[in-house]
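Below is one structure, written out as structure tokens; comments come after it.
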Amino acid sequence: MAVDSAMELLFLDTFKHPSAEQSSHIDVVRFPCVVYINEVRVIPPGVRAHSSLPDNRAYGETSPHTFQLDLFFNNVSKPSAPVFDRLGSLEYDENTSIIFRPNSKVNTDGLVLRGWYNCLTLAIYGSVDRVISHDRDSPPPPPPPPPPPQPQPSLKRNPKHADGEKEDQFNGSPPRPQPRGPRTPPGPPPPDDDEDDPMPLPVSGDKEEDAPHREDYFEPISPDRNSVPQEGQYSDEGEVEEEQQEEGEDDEDDVDVEEEEDEDEDDRHTVDSIPEEEEEDEEEEGEEDEEGEGDDGYEQISSDEDGIADLERETFKYPNFDVEYTAEDLASVPPMTYDPYDRELVPLLYFSCPYKTTFEIEISRMKDQGPDKENSGAIEASVKLTELLDLYREDRGAKWVTALEEIPSLIIKGLSYLQLKNTKQDCLGQLVDWTMQALNLQVAFRQPIALNVRQLKAGTKLVSSLAECGAQGVTGLLQAGVISVLFELLFADHVSSSLKLNAFKALDSVISMTEGMEVFLRGRQNEKSGYQKLLELILLDQTVRVVTAGSAILQKCHFYEILSEIKRLGDHLAEKTSSVPNHSETDHDTDAGLERTNPEYENEVETSMDMDLLESSNISEGEIEKLINLLEEVFHLMETAPHTMIQPPVKSFPTMARITGPPERDDPYPVLFRYLHSHHFLELVTLLLSIPVTSAHPGVLQATKDVLKFLAQSQKGLLFFMSEYEATNLLIRALCHLYDQDEEEGLQSDGVDDAFALWLQDSTQTLQCITELFSHFQRCTASEETDHSDLLGTLHNLYLITFNPVGRSAVGHVFSLEKNLQSLITLMEYYSKEALGDSKSKKSVAYNYACILILVVVQSSSDVQMLEQHAASLLKLCKADENNAKLQELGKWLEPLKNLRFEINCIPNLIEYVKQNIDNLMTAEGVGLTTALRVLCNVACPPPPVEGQQKDLKWNLAVIQLFSAEGMDTFIRVLQKLNSILTQPWRLHVNMGTTLHRVTTISMARCTLTLLKTMLTELLRGGSFEFKDMRVPSALVTLHMLLCSIPLSGRLDSDEQKIQNDIIDILLTFTQGVNEKLTISEETLANNTWSLMLKEVLSSILKVPEGFFSGLILLSELLPLPLPMQTTQVIEPHDISVALNTRKLWSMHLHVQAKLLQEIVRSFSGTTCQPIQHMLRRICVQLCDLASPTALLIMRTVLDLIVEDLQSTSEDKEKQYTSQTTRLLALLDALASHKACKLAILHLINGTIKGDERYAEIFQDLLALVRSPGDSVIRQQCVEYITSILQSLCDQDIALILPASSEGSISELEQLSNSLPNKELMASICDCLLATLANSESSYNCLLTCVRTMMFLAEHDYGLFHLKSSLRKNSSALHSLLKRVVSTFSKDTGELASSFLEFMRQILNSDTMGCCGDDSGLMEVEGAHPSRTMSINAAELKQLLQSKEESPENLFLELEKLVLEHSKDDDNLDSLLDNVVGLKQMLESSGDPLPLSDQDVEPVLSAPESLQNLFNNR
């Protein structure tokens, strides 16, 4: 590298930080190319810095007189380093120490300075790396202007935000890889960024007069230069970006810029230097443009690629606000950053805790308001309640019953008020007495008819009301024995079902409090528990409604007991691991979240984790399995709770389906959250994620993630996380720790995939911001100050969360829950009031933030329930402010919702809207299409069915509406249009564009697929209709190719996976459209919906090369998985027959398409593309596993290819083996190791079937090749594949029917006849194996495979008989191999020696095996097959191993020496040494060698069963 040796001034400028108090400051110097730094000088005040500078810049201004200056540099030799390297420190003293020289010349492109100075004049000397500077393709990029309302940008950066920025901010070349570690995103592009007129902020140290001197040296850049313009040219922005990320980091001290910057952010905005900077930026941009126009060696973008460039830049641009800001406006923006690791949850504001009862919430509300606050409703209720209680102290007549019926409505406000006032009167006690009397059957019998039932019902309702009065209320009832009294009522004779349902509701209310549940489950001494009584009651002859109500209570009990068991296991784990300080404690240190990059912290965690693992290894696998099952059960019960844990409405009837019915249903979740809270569930989960033995277990991770994900799907679940904010903070930290670990190791995490940790974090943070907004409105309703700094802070944080796709989806999800969006709408309505005046609302930063956020929510959330509530007010806002580009875009998104009610009747209108706008699909005009499809999904597609749920027939009506409004044709056209738009960019490998473009594409595809799936499932379910519109499979195949075949990350993300699943599900609905009653003939098979769909999919595979891989994936996903089925439970006989029947049906339909299948196998058999090879093998195995006809079809095709390849050379020449032969044999080898394929091969090469004789001949040709491998590499490869095929053919365990699978119902001989080659083939295989051993040209791998194959054969008499026959013909084979083993022995060939010795011990008879050292017993168990009677004795073996030149003993002695020598370095050779010694002793003690006896009787195998029978009986 040419380095200019002359030292020159690289940089000279002054950094000023005027502030009253002295504090640490950070500044950054960036060079536009790589430089070598020799010296850094701090210029003292009044000292002239450089002779050629004008006076106003020439003198130093450094203050104070002494301080320490730390320097860090960007190490260009480590481009992916996440932090800056330390350069050193200068103890600056203006009299003695002003020069710092690095230990060696430093090669860098940027410095970070840190110190307690107010003013710093700095000169840097060194030389420029000329090579680098001239090789640049483009001039250094202009520093991007920071956006106007830029809240203080931080220099830390979070990798999780990286892809969001990539899509939102980089419209040119993509950025370089992000450094890792939890850091904050840069400040956002402002909500009100004016695209035409950027107004850059000044930088400290830049003065107007500087402009002429810019060429002399490089400019200083202060840290607030680090935001990126939204609409950039194609440039090196990536480099700017990375330098900015790295500025604030160092690997020793973690330079933390945030705090220091807060104080001086606003002081840097010196207005006078704005014009100069604008000029400079324009100049540089001009230069860049000029250079860009010249010929830079790249061809011009051709016209058909223009569209792609647009796509990449962003077709859905956020139109920018046309707002001008003054310096005062900017000064009002609060300085802040959003670091997700830095922000923790705080106690819940505004919303109430989800597991508290209304009574408890009312009490806490009154406490917050204070006793003096006017509360007329509560006072009235309390007065009326005390009156009633005083009036009827003794009277128990009709008026008392009426009073009982009135009391429940007074309890919440009245009783809470009385309890707070601390009146002496014991109202609660009196109410409990009344309740017990009202439930008393004796008192009821004394009442007139009708009044007695009223009294009992009023009593049960009063129990429900009092049970909600917190611990006091339920404890009072329990002490009075309410559970026993309710059971008396339930067990009494002649009690009506409706009264029993009321009693169950009362009982349900009691056990919904944890105190009540404890008493219910435990029971009193010598008395049955409530649970036992309830079981007895259900087992009596009860009506179906009563059983349903009782079962709901049992389910709650089960849930509670499971939680108790999890808590017990958790406490047990905590005890076992508490003796060692585990990493969860270091993790929970307050600063740990910020210091993850600190290596010491990492090491500390690792060592403590290792200790932990040792300590906790005494947790048994059984306990972990139990824990996983319990967590899965918790998830299952919570999922089904709305249908299984609620008391049925009195007027409903539990039928299988309903078309109308009471929609009002209780919400079971507050009770479940109460149980979770009382069992410290979140703390337990945090513990599980912090103990290595459980956090490393994928099952535990998946089960906990399922539960947490389920909780986070609902508003109440998120509020539960926030009400347990301390536990949630620790939980999120533990999850993020696991996520980071997996990222560092480059693993796709099993448990915390899809960045769930970040999504949960962003969701809870979003809801926290929403609570801040709502509580802000509560406090400042009449506030005239529009842009309150707290309010802006909250909105800015929300805005920053939307910067990456995970955060964006979290914000969309949380705002679409319940009434959360109202927080933003209230804000906008307030600012758009006329009272504020148009200019003020237009200027309001908060108003513009709210516009952007609402737009993001509407764009990214598929949950349109919130639009039903808010569409009207949003459309009104859009109409009111016609100059606001964001609101006009929002209006386009909401266009289809004008005057729309979300009911079945709206389907025709929405489909009409889709038809009219289909040409504008994926354009700014057509965004309403996405909303229309989302609403159609919401109105017409049923939610996934949950166990225990009644089927609602309204969905059937909705589907009928879809068909009648021509929905099918419309949705097919939507898919076709979407495909046509996506195809071109996909072919040019452009990604899906911006985040918004991607969200819209995915959302549109998912909605359309869901609608099609709903319609086709309903249409084809019974098999009475056929559907032959082949546009559907055709469009689906193309869509799969575009969205699911080449994921950028290497694996499908969750959205792409869902799209693939939907496509597969729709294609599988075609398999339902087969009428079972029709007689199956060739013609009906070829023309039914199943065959037509298959034909479309199969023909698409070979249609165009770009569809090869996608088509194979689709086919593989459609076909059933190979047997055996992996299940956790025993399979019912009925299910087995269904599985086999399904496979036969697939086989029949595929057989019709035999030509296409053969063409696919032929076309791809020679491919060298690894993914396609892999997919082809997978598909062939799946096809062969279906039934015997498809197995024979596929294997015939593969064998035919080999026949053609080997016969293609002319007869007189020697056969030529090419790389194609190798690939075909590799395919055959891969298939032969699967049982269905192997049996089909055996069936074909036996030569017993007429017309298949050529396969037997080709097999003999292959064996001949093995005998004489030759020395060409290709022949050697072919031989290795053939020996591997022989190994699979001789392995008796690769069989469709194994003895164990049918409890020994077939004999071993029968099994051998069905899984091994017949005797003619076996004889030639054994000859071939021994010839290979004797051949000195055979490769090492080939010999090893042959020995292993012989070991398989030696396990039974049938194999050993044929081996002995071959040994008689080829008696020198074993000697040749032994000699080769000895002569070539090394550490690498030890495996062959080991296998060969093993084989010899295996064929020796059992008597001699007893005398060869201590290990012989073990070897006998492993080697000798229990049912084998034949063997070879030691003397015979000695004969086989000797030659004229040398005896086997000498060879073994030599081998022993070699092994001994090598075993010094390798302990693994010890067992081999024992083997050698044992065999040597055996041979020495065996006497004289004897020839092999030929007295053995040949074992006769029965005739093999037909292939069809084998398939049917597996």
Side-chain angles (χ1 to χ4, degrees), residues 315-316 812 816 821 854-855 857-879 882 886-942 954-955 957-982 996-997 999-1016 1031-1032 1035 1039:
T315 39
F316 288 83
S816 60
L821 197 63
I854 288 180
L855 183 58
V857 171
V858 171
Q859 286 167 343
S860 59
S861 171
S862 298
D863 182 0
V864 288
Q865 252 353 100
M866 47 108 184
L867 292 179
E868 187 172 10
Q869 302 166 28
H870 304 303
S873 46
L874 285 173
L875 282 163
K876 192 173 161 191
L877 285 167
C878 295
K879 198 174 176 186
E882 288 180 358
K886 284 276 184 267
L887 284 182
Q888 292 320 299
E889 190 181 344
L890 179 64
K892 283 268 184 292
W893 279 84
L894 299 176
E895 197 175 49
L897 304 185
K898 285 176 187 161
N899 312 321
L900 191 81
R901 295 187 64 185
F902 285 38
E903 291 172 352
I904 290 177
N905 305 340
C906 73
I907 289 175
N909 298 344
L910 285 170
I911 289 183
E912 193 53 43
Y913 178 86
V914 173
K915 281 182 192 168
Q916 287 167 3
N917 287 278
I918 213 159
D919 293 332
N920 297 329
L921 189 84
M922 300 303 287
T923 64
E925 289 302 307
V927 289
L929 263 176
T930 313
T931 312
L933 288 167
R934 284 172 179 171
V935 176
L936 277 169
C937 262
N938 181 275
V939 173
C941 302
K954 73 172 184 185
W955 302 112
L957 290 177
V959 172
I960 293 169
Q961 280 277 30
L962 286 175
F963 274 111
S964 61
E966 296 178 16
M968 181 63 76
D969 183 61
T970 310
F971 302 143
I972 293 171
R973 282 172 54 213
V974 168
L975 280 187
Q976 288 173 330
K977 179 75 177 169
L978 188 62
N979 287 342
S980 66
I981 290 170
L982 296 174
L996 175 57
H997 198 274
V999 166
T1000 313
T1001 307
I1002 296 280
S1003 181
M1004 203 167 271
R1006 287 216 58 201
C1007 292
T1008 314
L1009 291 172
T1010 310
L1011 287 158
L1012 277 174
K1013 183 161 94 175
T1014 306
M1015 294 175 76
L1016 283 170
R1031 290 178 304 163
V1032 175
L1039 186 70

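What you see is a predicted model; the values in this text were computed from it and never measured. Position 1 is the first residue of the sequence, and the numbers go up from there.
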Distance-minimising heavy-atom pair for [X] and [Y]:
X	Y	value
Cys937	Cys1007	SG-O, 3.4 Å
Met1004	Leu933	CG-CD1, 3.6 Å
Glu895	Tyr913	OE1-OH, 2.7 Å
Ala932	Pro896	N-CG, 3.9 Å
Leu1011	Ala940	CD2-CB, 4.4 Å
Gln961	Pro908	OE1-CG, 4.0 Å

Under a 4.5 Å cut-off applied to non-hydrogen side-chain atoms, are [X] and [Y] in contact?
X	Y	result
Gln865	Asn938	yes
Val939	Cys906	yes
Thr930	Val999	no
Val864	Leu897	no

When rounded to the nearest 0.5 angstrom, what distance separates [atom1] in [X] from [atom2] in [Y]?
X	Y	atom1	atom2	value
Lys977	Leu921	NZ	CG	7.0 Å
Thr1014	Phe971	OG1	CZ	9.0 Å
Glu966	Ile911	CD	CD1	9.0 Å
Gln916	Leu929	CD	CG	10.5 Å
Thr1001	Leu996	OG1	CG	9.0 Å
Lys1013	Arg1006	NZ	CZ	8.0 Å

task = Taking Ser816 for its side chain and Met866 for its backbone only, find out whether a donor-acceptor pair lies under 3.5 Å.
result = no

ask   = Are the side chain of Arg934 and the backbone of Ser861 linked by a donor-acceptor contact shorter than 3.5 Å?
value = yes

ask   = Can you check side-chain contact (heavy atoms from CB on, under 4.5 Å) on Leu1012 and Met968, steps first, answer last?
value = CA-CA 7 Å; Leu1012 277 174; Met968 181 63 76; 3.4 Å; yes

key: Step-by-step side-chain contact (heavy atoms from CB on, under 4.5 Å) determination, Leu877 to Leu890   = CA-CA 10 Å; Leu877 285 167; Leu890 179 64; over 6 Å; no

key: Test log, rule side-chain contact (heavy atoms from CB on, under 4.5 Å), inputs Leu978 and Met922   = CA-CA 8 Å; Leu978 188 62; Met922 300 303 287; 4.1 Å; yes

message = Please evaluate residues Arg1031 and Asp969 with respect to the criterion side-chain contact (heavy atoms from CB on, under 4.5 Å), reporting the C-alpha separation (whole Å), side-chain torsions for both, the decisive distance (0.1 Å), and the verdict.
response = CA-CA 9 Å; Arg1031 290 178 304 163; Asp969 183 61; 2.9 Å; yes

